[in-house]
Every structure is written in structure tokens, then in C-alpha cells.
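Notes for the one structure printed next.
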Amino acid sequence: MSIKTRFAPSPTGYLHIGGARTALFSWLYARKHGGKFVLRIEDTDLERSTEASVNAILEGMTWLGLDYDEGPFYQTHRFDRYKAIIQQLLDQGDAYYCYCSKDELEFMREQQMANKQKPRYDGRCRDRESPRDGVQPVIRFRNPNTGSVIIEDLVKGQVEVQNSELDDLIIARSDGSPTYNLTVVVDDMDMNIDYVIRGDDHLNNTPRQINILNALGATPPKYAHVPMILGEDGKRLSKRHGAVSVMQYKEEGYLPEALLNYLVRLGWSKGDQEIFSIDEMIEHFDINDVNRAASTFNPEKLLWINQQYMKEAPVEHIARYLSVHFGELGVDPSQGPAIEKVIDAQRDRAKTLVEMAQTSVYFYQDFAEYDEKAVKKNFKATTVEALQALHDAFTDLSDWRAEVIHPCIEQVAERLDLKMGKVGQPLRVAITGGSSSPAIDITAELIGKEKVLKRLQNAIALIQSRT
RNA sequence: GAACCGGUAUGCAAAUGGUUAAGCGACCAGGCCUUCAACCUGGAUGGUGCGGGUUCGAAUCCCGUCCGGUUCUCCA
């Protein structure tokens, strides 16, 4: 039995963290069950929807690798269908024209609030016989006013809402265009969506949607309302909290699998396991196991997960993304050591691709200036001797490999009766400009003999000029 | 204000009626070591928002209360 899930964003901005997570959950659920994953663009709000947002969302999905089997479908292409359904509801008596003005409705709401009631439309146009002149009416759904709706939510459990709590929602604006609660219902029905996985900000809408579905004689899908992601202040995640766009994480040097891994663990877990490959996610993820409570987005843990992926991912995979970040720094990784070797050397000490690129520039380009602290600490008048000895020893090396460089450095240290730290660290500063790099022999190998010799001379000159 | 959904250490969370409430992150200390990191070892931090009840036994079930979130748009 094949199932179908969907992700239905409205194109009013980028793909954000929360959207990416519900997309991921829907995608995983479809993949797990060998079903289909549908992408639908809910662009009925003509004023706020933009093509740029559509592209941003598609771009985000692509980067994350959340591929879809059907779509993208655009609701704006389906207006005829919505009109037909609205007409059907009108004909059945399940919908009616409402001529109330916005002012009138607002006044009513204020009154209700003042009386400590839940603001809701009171149904005053329900039985209106004739139009009001000069008013373009909206169309409202005639919600049942007795009984209740029970949602068997896969995440929240059983949720019951009294129909008396619901009012007659607008399904068509006065310009005739359909509204969200109507279009989702029609689309999920037409597209045979079995599982609606979405944020729990939609939980309150669900009973109304079920009522519309019932009026249309359709069987409601199964619902799973996943908890929202909150910012560190406990408020709904928004721009205030910094990076919320998925693509910003790409720019900041995160691997897409790492983001996915962080997101899947936010509100879902399987015992002690923290790291899940995509295949493991597909195998183990179950929407039924998703937590009911909202969770707070924690950038530190995301960083940790990214670091895990930086350490474990195949080098070629990292290389693909890293070269872009090198490019942004004006570094051409084809001019110098193989990028794969640099990655291997650096992967244990970089949490992001950006960090890796930034700390690897000296492999490809001469540095403009030294880290002043490192110079102060490691470049003493007496260091000249060590650096000169290294220079001479290196000059004689015909085989420039770490395995050869390492004993060579050790011999120099031994000969001068110095500890390794007194030789290796000045060398590091001399050839990288700073005090931290991969193991010194590997660092030297990757930088290359010629550049190492030149940088040693520069360092010697610097020390002499200062003393 | 009303309805709905939540509340386990500073964050994510496990334990779904059964000894002493997992694990990860963050934090601290030590080890390894040519630096940083990685890695290894150890440490500190909670009695499960609060109050009551059911039970031999409650983080788990019930009631009340407090706090937070969501919805109540001719937004989605």
C-alpha cells in the first residue's frame, strides 16, 4: 500500500528551519514507506507571494536533497477547480454569501473581546435572502453548530474540539479568490494525500478543514501536527533569532546532511543515537515517535553535529562544497596541494566549511602578516638558530614527505638540544603565520618545500630586524 | 479573553506504572601531544513547573493551579 505525503509552503519568504523540518519529516515518512512525496506551493495570497520566494524554497529543498515525486503544484493554477468546489458547497447549502463589511466584523470582534468571549463570526448572514446593494460578498462555509470534531493526531493523540467553538470561515474573498482553508482541503483531497504532516500552528484549523472535507463527502487524511521550533528566548523562531533561512547555513559552511541530522533529532529520538545517516533516518524515523512538546533551536549542538560530519564525511564530498568557500576567499585550490589532502589534514579541527577554508589559506597563498601573539611567544633571538638549522636540513631533503620531514625536524631538535616544542612551534609560526595548524610535518609537506624554505628565510629576517 | 497544545538539569532528550531519572551538547579538570583540535578519563548540575489525589509503587494516570506556545485575519 503506497502512501503519499506533502510539503506545502507558502512562498512569502525563504525556506526556514521550521519548514525544512516539516518537509524532512514528510519526506522521511514517504521514503520510509516507499510512498510519494508531493511539493505544493500555496500561493493564493497574491499580494505576499513572490517568484523569488518560490525559487528560494526550491533551492533550499535541492540543497537539502529533499526531492519530490510530484509537483511543484501551484494553487494559482487551480482556481477553476476551487471555484467549482465553492459552487458545489453553495449549491449544497454548505456555503453562503456574507455581505458584512470589514468594519462591521471588526466592531463585532471588539465587542466579543470586551465581553471576554472568543471572537467569532456570529452567522448573521447565514439566512440572508437578498444581496446588499453595492457590496461584493465573501463566501462562508456553513460550519455545523452542534457536536464535535475528533482528530486522531499521530503526534498529539486524540484532540476533540466542539463545533460550537468554530465559526463560519471565509472560503472565498470578495474578489472571488479562494482562501487557504478551502484550498488545502481541496488539494489534499484531489492529490490523495494520506498523511498531512505540518506544524502544530495548524492544529486549530484542522477541525474546520475536517468539516469541509465531510461536506464534500471526502475521507479526511491522517494528521500529524509536529511541535514548533522555538528560539532561545522561548518565542517562535523568527529573524530576530539570527539565521533561520536554510540557505544561510549553507553560506555559513554547514553540510546539508548535518542540518538534516540536527533537524531530525529536534523533537525526535531513538535511544542514545545522535548521528543518523540519511538511510538510517529513513529506516528508523517514525512520525508516531515525535515529541509533543515544542523544542528550542540550539545552534551549539548544530555546530557539534556539523563537526561530526566534517570528521566523517567522504573527502570528495567535502571537497565539492569546500572549493566554493575557497573561491569566496579568493583562493584557487587547484594552485597548491590537493584539496583532498588539505581536508584530511584539517577535518579534525574545523567545525564548518567556512572555518576550514579560512584556516587553510596559507596552504595556497603567502600570508600577509603574522599572528602577533604567536610571534611574541615563539620568535626569540635564539630561535634564529633553530630556524636556520631547519632551513639547512630541509634544503638537503630530496624526498619531501611528512614521513621524512618528521625525523628531520627531530634530528635538528636533538642536535640543538632543544625540546620538540621549541623547534616545531617556531617552525609552525614561520610557515603558517599562526600558532595552530595540523601536525607540523604534514603542514610542511602540504605547503611544499620551496615555500617552506622561503617562509623560513622571511621569518629569520623578521626576527633579526626586530632585535 | 476563549479554545487548543505543551512543561524532565542552561539546550536537545531517554525512561510510556516498577530498584539509585539514560545519552548527547554546553561547562570544569586531568591525560595524550610538536600547537590547536580530535581522542581518552573523570567531574559538577535535575527528583521531572507547583499543589493535591489514585496506587504497594507515579516523570508516566486523575484533578486543580502557574507558566509558555498556537489559533481566534477577506494571511497561510
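Chain identifiers are assigned alphabetically (A, B, ...) following the order of the sequence lines, protein sequences preceding nucleic acid strands; residue numbering begins at 1 within each chain.
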Q.
Once hydrogens and angles are ignored, does a donor-acceptor distance under 3.5 Å link the base of rC36(B) to the side chain of Ser435(A)?
A. no
**Q.** Where RNA chain B forms stems, i.e. three or more consecutive Watson-Crick or G-U pairs with both distances under 3.5 Å
**A.** B:1-7 with B:66-72, B:27-31 with B:39-43, B:49-53 with B:61-65
Q.
Side chains of Ser101(A) and Arg132(A) only: does a donor on one sit below 3.5 Å from an acceptor on the other?
A. no
(Q) Please tell me whether Tyr96(A) and Asp168(A) have a donor and an acceptor in their side chains that are separated by less than 3.5 angstrom. (A) yes
Q | Main-chain N/O of Pro407(A) paired to Glu410(A) side chain as donor or acceptor, under 3.5 Å | A | no
Q: Among Tyr309(A), Tyr249(A), Trp304(A), Tyr262(A), find the one that has a ring pair (Phe, Tyr, Trp, His ring centres under 6.0 Å) with Tyr254(A).
A: Tyr249(A)
Q. Within the pair Lys419(A) and rC33(B), is there a side-chain N or O less than 4.0 Å away from OP1 or OP2?
A. no
Q | Set of ring-ring contact (aromatic ring centres under 6.0 Å, His included) partners for Phe25(A), sequence neighbours left out | A | Phe285(A)
Q.
Using a 4.0 Å heavy-atom cut-off, does Thr183(A) contact any base of the nucleic acid, only the sugar-phosphate backbone, or nothing at all?
A. nothing
Q.
Would you measure the distance from the C1' atom in rU41(B) across to the matching atom in rC32(B) and give it in whole Å?
A. 11 Å
Q. Are Trp400(A) and Phe394(A) near enough that their ring centres are under 6.0 Å apart?
A. yes
Q: Could you check how far CD of Glu355(A) sits from C1' of rC36(B), rounded to whole Å?
A: 10 Å
